[in-house]
Amino acid sequence: MRIAVVMGLAACMSLLWATGLRVDLFSRSNIPYYAILAVGPLVRGWCLRDGRRWSLVVADIVEYYTLFIAMALTGATCSYPVSALSVGFADAGLQRIDELLQFDWVAWYELVAAHRSLQLLGIAAYQSIFVTPALLLGWFAVTGQRREAHRFLAAFAISAVMALAIYSQMPAIGPFAFLWHGPIPYMPMSELWQPDLIPALRAHSFTVIDLGQLRGLVSAPSFHAASATLYIAAAQRCGPLRWWLTALPCAMLLSTPVEGTHYLIDLILGAGVALVGWWAATQLIRWRVRTAA
């Protein structure tokens with residue numbers, strides 16, 4: 001897992017260099033990340049030396065959380081140079097597929113826009129993308145399921161790479177920008193970043209990335225849908241928390257078309273990417289066990 005993170009960082013740096021982008025290392029929004037990098041290894045080292053049961057649990061939690069944050073941050077940052085290297089927009093094709101699936105995004109949006117309760121529930125569900133993995137990895141640490149934690153982290157990393165690779169071939173501005181015209185009765189969480197930010201990245205007029213202000217640019221496949229699928233798969237190993245940790249991602253899936261401004265096909269592709277990622281991670285774990293034996 002550590003090697004995968006290092007390779008991911010190296011690939012991200014190469015993409016940034018190739019597109020003339022750079023990360024603002026001195027932004028105040030980077031302070032939490034610097035704090036984690038500085039304090040995390042110290043806490044984990046002390047806990048491993050202490051050797052008691054709960055110290056070892058804390059050491060595992062620090063390791064899992066640090067790896068997950070590094071992967072998520074690297075993937076989100078990579079979406080910027082990938083967008084800069086992309087060409088055209090695939091919205092017309094994605095919308096045609098939604099029509100074949102008989103999914104009416106405008107009707108879905110109008111329903112949410114007309115009910116404040118659905119908006120609040122959708123926002124909470126959409127933001128749970130960061131809460132659910134914390135609970136999953138915390139449970140794996142407390143119960144000593146190190147292999148399951150590594151399976152989940154590996155699947156997350158593989159799914160992120162696949163999602164970025166597919167996205168590079170079908171960038172999109174999303175159904176909100178493509179389908180909705182006129183006054184905006186409700187602004188989803190994802191707002192309207194793609195139609196402005198992606199052309200700016202391609203024109204090299206946007207060159208500095210603030211890690212504290214990262215915006216979701218990946219439309220198809222939806223990484224919220226991929227994450228939800230991975231969370232549901234991992235939750236089946238969480239005993240009494242299984243139903244709660246399954247319900248949260250399901251709610252997140254329902255909120256994603258509007259709050260993430262995604263086509264239905266985006267969600268289907270995202271779920272497919274996650275299933276392949278989970279299968280590949282499972283094969284890697286089995287190979288690692290056989291090799292160790």
Side-chain angles (χ1 to χ4, degrees), residues 1-8 11-12 60 63-65 67-72 74-76 78-79 82 94 97 101 128-130 132-141 143-170 218-239 241-254 256 260 262-293:
M1 293 305 304
R2 296 187 187 95
I3 292 173
V5 169
V6 172
M7 291 176 64
C12 185
D60 282 345
E63 177 191 347
Y64 300 159
Y65 285 8
L67 285 170
F68 183 83
I69 291 170
M71 290 175 183
T74 301
C78 281
S79 68
V82 170
L94 296 172
I97 296 174
L101 296 172
S128 69
I129 189 172
F130 302 111
T132 306
L135 295 174
L136 284 169
L137 293 171
W139 177 266
F140 290 149
T143 56
Q145 297 186 73
R146 190 170 178 83
R147 185 178 300 173
E148 293 303 328
H150 283 179
R151 186 205 308 268
F152 170 72
L153 291 168
F156 188 87
I158 294 168
S159 298
V161 171
M162 292 176 60
L164 286 170
I166 296 172
Y167 165 68
S168 68
Q169 303 303 308
M170 53 174 65
V218 178
S219 179
S222 163
F223 201 68
H224 262 74
S227 298
T229 305
L230 293 176
Y231 298 165
I232 292 170
Q236 308 315 305
R237 279 78 175 171
C238 291
L241 294 182
R242 178 179 60 194
W243 298 113
W244 290 102
L245 295 178
T246 298
L248 270 177
C250 288
M252 186 171 72
L253 280 172
L254 290 174
T256 296
H262 280 291
Y263 301 98
L264 178 60
I265 186 59
D266 296 350
L267 274 66
I268 294 172
L269 289 173
V273 162
L275 291 174
V276 174
W278 187 263
W279 175 84
T282 300
Q283 300 308 309
L284 283 173
I285 291 290
R286 290 175 178 171
W287 172 80
R288 184 68 182 86
V289 171
R290 288 197 300 269
T291 303

Inset, instruction - Taking the side chain as every heavy atom from C-beta outward, state whether Thr256 and Leu267 have any atom pair closer than 4.5 Å. - result: yes
Inset, instruction - Please report the closest heavy-atom contact between Phe140 and Cys238, naming both atoms and the distance. - result: CE2-SG, 4.0 Å
Inset, instruction - Would you indicate whether the side-chain heavy atoms of Leu101 and Ile268 approach each other to under 4.5 Å? - result: yes
Inset, instruction - Please report the shortest heavy-atom distance between Leu253 and Ala228, naming the atom on each side. - result: CG-CB, 3.6 Å
Legend entry - Residue pair Gly75 / Leu164: nearest heavy atoms and the distance that separates them: O-CD1, 3.9 Å
Legend entry - Within-4.5 Å side-chain heavy-atom neighbours: Tyr263 and Ile97: no
Inset, instruction - List the steps, then state whether side chain to side chain contact (heavy atoms under 4.5 Å, CB included) holds for Leu135 with Leu245. - result: CA-CA 8 Å; Leu135 295 174; Leu245 295 178; 3.7 Å; yes
Legend entry - From Ser222 atom OG to Ile265 atom CD1, the distance as rounded to the nearest 0.5 Å: 11.5 Å
Legend entry - Separation of Asp266 CG from Leu94 CG (nearest 0.5 Å): 5.5 Å
Legend entry - Whether Tyr64 side chain and Gly138 backbone form a donor-acceptor pair below 3.5 Å: no
Legend entry - Minimum heavy-atom distance between Ile129 and Pro133, given as atom pair plus value: O-CD, 3.0 Å
Legend entry - Steps toward side chain to side chain contact (heavy atoms under 4.5 Å, CB included) verdict (Thr229, Val273): CA-CA 9 Å; Thr229 305; Val273 162; over 6 Å; no
Inset, instruction - Answer whether the closest heavy-atom distance between the side chains of Ile158 and Leu284 falls below 4.5 Å. - result: yes
Inset, instruction - Please state whether the rings of Phe68 and Phe156 are parallel, tilted or perpendicular, taking 30° and 60° as the class boundaries. - result: tilted
Legend entry - Sub-4.5 Å side-chain heavy-atom contact between His150 and Glu63: yes
Inset, instruction - Please name the pair of heavy atoms, one in Thr132 and one in Pro249, separated by the smallest distance, quoted to 0.1 Å. - result: CG2-CG, 4.2 Å
Inset, instruction - Using the side chain to side chain contact (heavy atoms under 4.5 Å, CB included) rule, take Tyr231 and Leu248 through it: C-alpha gap first, then chi angles, then the decisive distance, then the call. - result: CA-CA 9 Å; Tyr231 298 165; Leu248 270 177; over 6 Å; no
Inset, instruction - May I ask you to test the Phe223-His262 pair for a side-chain heavy-atom distance under 4.5 Å? - result: no
Inset, instruction - Mark yes when over 12 heavy atoms from residues, nucleotides or ligands other than Arg147 sit less than 6.0 Å from its CZ; otherwise mark no. - result: no
Legend entry - Separation of Arg237 CZ from Thr143 OG1 (nearest 0.5 Å): 12.5 Å
Inset, instruction - Go through the structure and list residues passing side-chain contact (heavy atoms from CB on, under 4.5 Å) with Thr246, not counting sequence neighbours. - result: Ile232, Ala235, Gln236, Arg242, Cys250
Inset, instruction - Using a 4.5 Å cut-off on heavy atoms from C-beta on, say whether the side chain of Met7 contacts that of Ile3. - result: yes
Inset, instruction - Work out which heavy atom in Met71 is nearest to a heavy atom in Leu153; give both atom names and the distance. - result: SD-O, 3.6 Å
